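Heads up, the thing below is written out as structure tokens.
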Amino acid sequence: MIDQPDALPAISATYLATVALEPNRWKSGEKRVPTVPMNHFSPRAHTAGFAGWELWEDHWHLVSEAEQAALVESKLPVRVFNTYFIPGVDDDSRRAKVNAAIAAFGSQLHAVKFNLGKSGTDAKAQIAAALAWAGELPRHVRLLCECHPGTVIEEPKEAAKAFRLWPAERFGAIVHPLSRGPEKLQTWFDALPGRIEHLHLQTRQEGSPFVPVEEMEAEVRAAWGVLRSVGFRGTAAMEFVSGIGQPHEAPGSLLEQAIRDFQWLRAYRFLS
């Protein structure tokens with residue numbers, strides 16, 4: 001490891017995204033059913049130091065009522081609900097399911113992660129629908145829009161249009177600090193000053209395989225420099241890790257890789 005930074009970026013809490021542990025995350029139809037109840041891993045993740053779950057919606061919608069109850073009562077709280085419901089695109093019944101899930105977690109849930117639609121779809125309608133959706137959710141739940149490649153807010157200037165219409169007291173942004181280089185990361189902070197609240201940590205550059213985070217030391221150092229320079233204040237989630245998409249991937253081994261990455265980033269002082 002190269003010399004550690006002499007101060008911490010102010011990442012207030014680090015969550016574990018359950019999508020990182022789910023081999024069926026990208027499958028469709030009946031094959032999308034979760035392989036293992038995520039609450040099974042709560043004690044291990046809690047002991048390792050994670051502050052909570054970022055829960056993939058199908059780890060709620062497609063599990064038993066008993067597992068739902070266990071997640072609500074888990075020692076490792078669900079802090080972010082990760083939905084792929086797209087306001088202004090998906091129908092009311094899907095929104096209602098998401099709203100019911102958010103309500104079930106009560107005050108332990110801090111935020112809902114959502115996306116806008118694919119490039120070329122009606123951005124204005126989606127931005128307006130997201131604003132209306134916010135009025136249906138508990139006031140303590142923040143709406144965090146993931147600035148994701150392939151969507152109508154893939155580029156910072158397009159995202160800025162949305163965030164000018166979304167009030168800061170309800171909406172924040174999610175970016176990927178290790179994925180697209182420090183120049184792009186800086187562009188995001190320039191376009192959305194004070195609005196980036198959450199980071200999704202992926203252990204790869206665009207178009208490359210997932211690797212252990214220690215193999216991305218240069219990218220970590222560069223991202224840390226940007227976060228420090230802008231005075232980042234927010235949270236992060238381990239979103240994807242080495243081993244994802246490989247033959248015979250399993251939730252238990254993916255969890256252990258996420259823990260190794262988390263511990264390396266802590267030792268490096270990227271995470272508190």
Side-chain angles (χ1 to χ4, degrees), residues 12-25 27-30 32-47 50-116 126 129-146 166-167 169-174 197-198 200 234-239 251 255 258:
S12 59
T14 303
Y15 309 136
L16 177 56
T18 64
V19 72
L21 311 184
E22 180 53 63
N24 292 340
R25 69 186 74 76
K27 295 181 180 178
S28 59
E30 295 180 355
R32 195 178 177 88
V33 175
T35 52
V36 179
M38 285 297 115
N39 189 56
H40 174 78
F41 299 111
S42 291
R44 175 70 176 125
H46 180 268
T47 300
F50 287 104
W53 289 117
E54 179 176 308
L55 189 74
W56 180 49
E57 63 182 347
D58 284 345
H59 283 141
W60 176 265
H61 295 318
L62 299 182
V63 301
S64 68
E65 290 184 3
E67 167 62 5
Q68 290 178 343
L71 285 167
V72 170
E73 300 298 327
S74 173
K75 188 173 185 178
L76 191 69
V78 174
R79 296 303 193 196
V80 180
F81 188 77
N82 177 349
T83 182
Y84 286 89
F85 160 71
I86 300 175
V89 174
D90 293 326
D91 61 32
D92 291 347
S93 64
R94 184 165 184 184
R95 188 181 76 251
K97 285 182 63 177
V98 173
N99 290 358
I102 291 168
F105 287 106
S107 61
Q108 72 170 278
L109 188 75
H110 294 170
V112 55
K113 166 263 167 190
F114 73 102
N115 297 91
L116 294 189
Q126 294 166 45
L131 186 58
W133 181 33
E136 301 176 0
L137 300 180
R139 294 295 300 177
H140 71 275
V141 174
R142 298 190 59 73
L143 288 87
L144 303 181
C145 188
E146 184 181 24
W166 290 338
E169 61 268 20
R170 293 308 306 277
F171 287 84
I174 301 173
E197 300 180 15
H198 190 52
H200 274 173
T235 56
M238 301 295 301
E239 185 184 30
L255 171 63

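Hydrogens, waters and symmetry mates are skipped; everything else that's a heavy atom, side chains included, is used. Not measured: the values here are computed from a predicted model.
Side chains of Phe41 and Val36 form a contact here, defined as non-hydrogen atoms less than 4.5 Å apart. Annotation: side chain of Glu22 is in contact with side chain of Met38 (closest heavy-atom distance under 4.5 Å). Two residues are said to be in side-chain contact when any heavy atoms from C-beta on lie closer than 4.5 Å; Pro37 and Val63 fail this criterion. Residues Phe114 and Leu144 form no side-chain contact, since every pair of their non-hydrogen atoms from C-beta on lies 4.5 Å or further apart. Proximity of Arg170 to Leu137: side-chain heavy atoms (C-beta onward) are separated by under 4.5 Å at one or more points. By the 4.5 Å heavy-atom criterion applied to side chains, Val112 and Phe85 are not counted as neighbours. A 4.5 Å side-chain heavy-atom check between Leu116 and Pro87 finds at least one atom pair inside the cut-off. Contact annotation: the side chain of Pro167 approaches that of Leu131 to within less than 4.5 Å [non-hydrogen atoms, C-beta and beyond].
No donor-acceptor contact under 3.5 angstrom links the side chains of Asn24 and Thr35, judged on distance only.
Interatomic distance, Leu62 CG to Gln68 CD, rounded to the nearest 0.5 Å: 9.5 Å. Taking CZ from Phe50 and CG from Leu76, the interatomic distance works out to 9.0 Å, rounded to the nearest 0.5 Å. From Thr235, atom OG1 reaches atom CD1 of Ile174 across 8.0 Å, with rounding to the nearest 0.5 Å. Distance check, rounded to the nearest 0.5 Å: CD of Glu239 to OH of Tyr15 gives 15.0 Å. Within the model, atoms CD of Glu54 and CE of Met238 stand 12.0 Å from one another, a figure rounded to the nearest 0.5 Å.
Among residues at least two apart or in separate chains, salt bridge (charged side-chain N to carboxylate O under 4.0 Å, His left out) pairs with a member in residues 98-116 are Lys113-Glu146. Here salt bridge (charged side-chain N to carboxylate O under 4.0 Å, His left out) pairs that include residues 60-84, with residues two or more places apart or in two chains, number zero. Sorted by first and then second residue, the pairs that involve residues 87-113 and meet ring pair (Phe, Tyr, Trp, His ring centres under 6.0 Å), not counting sequence neighbours, are Trp60-Phe105. Applying the salt bridge (charged side-chain N to carboxylate O under 4.0 Å, His left out) rule to pairs touching residues 80-90 yields Asp90-Arg94, sequence neighbours excluded.
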Given the rule in the side chain to side chain contact (heavy atoms under 4.5 Å, CB included) test, do Leu16 and Leu21 qualify, once you have shown the distances and angles that lead to the verdict?
-> CA-CA 9 Å; Leu16 177 56; Leu21 311 184; 4.1 Å; yes

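Nearest heavy atoms, Phe81 versus His61: CZ-NE2, 4.1 Å. Here the shortest heavy-atom pairing between Ser42 and Trp53 reads OG-NE1, 3.0 Å. When all heavy atoms are compared, the tightest approach of Val141 to Ile102 is CG2-CG2, 4.0 Å.
More than 12 heavy atoms of other residues, nucleotides or ligands sit less than 6.0 Å from atom CD of Glu169.
When atom types are taken as modelled, the side chain of Ser74 and the backbone of Ala70 share no donor-acceptor pair closer than 3.5 angstrom. Side-chain atoms of Thr14 do not come within 3.5 Å of backbone N or O of Ala237 as any donor-acceptor pair. Within the 3.5 Å criterion, the main-chain N or O of Val78 finds a donor-acceptor partner in the side chain of Gln108. Under a 3.5 Å cut-off, the side chain of Thr18 and the backbone N or O of Leu55 do not form any donor-acceptor pair.
Qualifying ring-ring contact (aromatic ring centres under 6.0 Å, His included) partners for His200, counting only residues two or more places apart in sequence or in other chains: His176, His198. Checked against side-chain contact (heavy atoms from CB on, under 4.5 Å), His140 has the following partners two or more places apart in sequence or in another chain: Pro138.
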